[in-house]
A.B. asks: 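Below you will find the structure I want to go over with you.
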Amino acid sequence: PVAARLREGGAVILGKTTMPELSVIPVTTSVAFGATLNPWDVGRSPGGSSGGAAAALAAGLCTLAIGTDGGGSIRLPAAFAGLFGLKPTLGRVPYWPGQTDRTVAGPIARNAADAGLMMNVIARPDGRDWMELPPDGVDYAAAAGAPVKGLRIAYSRDFGFAKVEPEVAAAVERGVAQLKAAGCVVEEIGDVGFDAFEIYMIQAAMRLAAMRKSTDPAAMSRFPRAVHSVLDFAERVGVADVQRMYDGRNRLGDMLLALFRRFDAIVSPASPIVAPPLGTFYPDGEFDSPAGRNLLAFACPFNLVHMPAASAFCGTTRAGLPVGLQIAGPKFSDAKLISLGARISPAA
């Protein structure tokens with residue numbers, strides 16, 4: 001559906017970009033193409049799983065790109081490559097085949113206004129995705145210029161548990177100051193839900209265990225170690241774990257809805273770290289160790305509960321590496337996130 005709408009809109013499609021195998025690790029390294037390099041620093045990754053899309057856009061090879069996001073795969077590459085990326089509300093952008101209740105397609109662009117232009121095209125109904133939403137009549141391109149004065153913003157430095165690099169935190173603070181200057185009413189809060197990484201991985205495992213059985217063993221033997229560690233975890237997940245995931249997701253949804261009754265959006269870092277060096281997958285350790293949860297801390301909760309979230313380029317570190325500020329909202333607030341993202345500039 002996304003490619004069809006883009007062609008109908010007059011887009012010139014240049015080609016497909018790289019992803020990690022099975023899209024299960026947050027960096028873009030594959031058997032077929034090796035490591036995808038980050039144009040800001042070729043010794044680092046642009047993240048994943050839509051790392052090829054972000055790298056192509058950041059390198060100037062294209063004007064817009066499409067990513068898919070099942071736990072941060074649009075927002076992490078956008079954060080690591082100095083771009084704007086939007087994970088829409090589930091069903092807002094038709095997705096077919098292979099629908100899941102956590103993965104969505106969305107725009108990666110150089111700024112929020114360009115993402116809004118793309119959303120006007122790709123958010124049109126298609127008819128093949130049984131989970132797609134009816135047309136909302138929203139002009140997402142116009143949203144980039146909409147006023148944000150008076151919007152109530154919750155700001156969390158760490159969601160209550162994440163380990164954020166100091167320079168990332170400083171850049172995010174500068175972005176928050178821009179929202180205040182635009183007239184938003186910002187209140188700093190601590191906890192936002194809870195550490196949802198484990199229940200996110202259980203949900204992902206429900207599909208990954210079947211994917212392993214259907215993948216060619218010879219190809220599987222060449223997959224990176226990190227991919228195998230995720231697939232090993234998937235095969236250990238049992239029925240009781242699945243029920244725990246559903247219970248945890250309901251609790252997370254209740255907590256976030258309670259916050260969104262008070263606030264229009266929640267802002268935070270998009271990632272606790274800058275772009276990871278090549279060869280590291282979960283930079284603090286294995287994905288299923290407490291230390292290794294860092295990378296997806298801010299991103300994955302909103303996939304679990306179908307809510308939209310965006311990453312906006314808010315500044316750089318002293319070494320010149322980009323930092324992303326995440327803006328998340330309740331379901332159907334996609335245009336509002338574009339409005340807020342348009343107020344964030346790395347130059348401030």
Side-chain angles (χ1 to χ4, degrees), residues 1-13 50 53-54 56-58 60 62-69 73-75 77-79 81-95 104-126 132-151 153 175 178-179 182-184 264-267 270 302 306-314 322 324-348:
V2 168
R5 300 294 86 73
L6 288 171
R7 286 195 172 95
E8 290 167 5
V12 178
I13 296 178
S50 300
L57 183 56
C62 55
T63 305
L64 296 162
I66 285 290
T68 53
D69 191 315
S73 292
I74 286 173
R75 290 159 288 159
L83 304 166
F84 181 88
L86 171 66
K87 180 200 86 68
T89 299
L90 183 80
R92 177 54 62 212
V93 174
Y95 188 105
V104 299
I108 305 176
R110 295 198 181 100
N111 52 60
D114 284 356
L117 286 167
M118 185 177 249
M119 279 292 289
N120 275 358
V121 174
I122 64 174
R124 296 171 184 165
D126 179 79
E132 74 181 24
L133 296 169
D136 60 2
V138 171
D139 185 343
Y140 292 96
V148 297
K149 184 176 180 180
L151 292 183
I153 307 299
Q178 293 177 66
L179 294 177
C184 295
D264 295 292
I266 298 167
V267 300
F302 300 99
H306 306 169
M307 296 175 182
S311 177
F313 181 23
C314 65
L325 176 150
Q326 180 172 264
I327 312 163
K331 290 171 73 171
F332 320 125
S333 65
D334 309 60
K336 193 173 293 182
L337 304 190
I338 291 174
S339 300
L340 291 165
R343 299 302 183 276
I344 305 297
S345 168

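These values consider heavy atoms only, across backbone and side chains, with no hydrogens, waters or symmetry-generated copies. The chain is numbered in sequence order, starting from 1. On a predicted model such as this, the values are computed, not experimentally measured, just so you know.
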A.B. asks: Nearest 0.5 Å please: distance from the CZ atom of Phe84 over to the CD1 atom of Ile74.
C.D. replies: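 Result: 10.5 Å between the selected atoms.
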A.B. asks: Do Arg75 side-chain atoms and Leu325 backbone N/O form a donor-acceptor pair below 3.5 Å?
C.D. replies: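 Here the side-chain-to-backbone pair does not exist.
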A.B. asks: Atom CD1 of Ile13 and atom CG of Leu6: how far apart are they, to the nearest 0.5 Å?
C.D. replies: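 Ile13 CD1 to Leu6 CG: 5.5 Å, rounded to 0.5 Å.
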A.B. asks: Write down the atom of Gly175, the atom of Cys314, and the distance for their closest heavy-atom approach.
C.D. replies: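 Of all heavy-atom pairs spanning Gly175 and Cys314, the closest is CA-CB, 4.4 Å.
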A.B. asks: Do Val148 and Lys336 have side chains that get closer than 4.5 Å, going by heavy atoms?
C.D. replies: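 No, side chains not in contact.
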A.B. asks: Does any N or O in the side chain of Gln178 come within less than 3.5 Å of the main-chain N or O of Ser345, such that one atom is a donor and the other an acceptor?
C.D. replies: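 Side chain of Gln178 to backbone of Ser345, a donor-acceptor pair under 3.5 Å: yes, one is there.
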A.B. asks: Mind listing the closest non-hydrogen atom pair of Ser333 and Pro330 along with its distance?
C.D. replies: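 So the two residues come closest at OG-O, 2.6 Å.
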A.B. asks: About how many Å separate CG of Leu86 and OH of Tyr140, when rounded to the nearest 0.5 Å?
C.D. replies: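 Between Tyr140 OH and Leu86 CG, I get 8.5 Å after rounding to 0.5 Å.
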A.B. asks: What's the spacing between Leu179 CG and Arg343 CZ if we round to 0.5 Å?
C.D. replies: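 Leu179 CG to Arg343 CZ: 9.5 Å, rounded to 0.5 Å.
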A.B. asks: Can you tell me how far the CZ atom of Arg110 sits from the CG atom of Leu64, to the nearest 0.5 Å?
C.D. replies: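 These two atoms lie 8.0 Å from each other.
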A.B. asks: Have a look at Ser50 and tell me which of Thr68, Asp69, Ile66 forms a side chain to side chain contact (heavy atoms under 4.5 Å, CB included) with it.
C.D. replies: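 When Thr68, Asp69, Ile66 are each tested with Ser50, the side chain to side chain contact (heavy atoms under 4.5 Å, CB included) holds only for Thr68.
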A.B. asks: Are any side-chain N or O atoms of Asp334 and backbone N or O atoms of Pro308, one a donor and one an acceptor, separated by less than 3.5 Å?
C.D. replies: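 Answer holds: no.
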A.B. asks: Sub-3.5 Å donor-acceptor pair from the side chain of Arg92 to the main-chain atoms of Pro134, do we have one?
C.D. replies: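 Yes, the answer is positive, given that a donor and an acceptor are paired below the 3.5 Å cut-off.
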A.B. asks: Applying the side chain to side chain contact (heavy atoms under 4.5 Å, CB included) criterion to Asp264, which one of Leu151, Leu340, Leu337 satisfies it?
C.D. replies: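 Between Asp264 and the candidates, side chain to side chain contact (heavy atoms under 4.5 Å, CB included) is satisfied uniquely by Leu151.
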A.B. asks: Roughly how far, to the nearest 0.5 Å, is CG of Asp139 from CG of Leu117?
C.D. replies: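 One gets 8.5 Å once the value is rounded to the nearest 0.5 Å.
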A.B. asks: Is the backbone N or O of His306 less than 3.5 Å from a side-chain atom of Lys87, with the two atoms forming a donor-acceptor pair by type?
C.D. replies: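 Checking the backbone N and O of His306 against the side chain of Lys87, no donor-acceptor pair under 3.5 Å is found.
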A.B. asks: Is any side-chain heavy atom of Val93 less than 4.5 Å from a side-chain heavy atom of Met119?
C.D. replies: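 Yes, side chains in contact.
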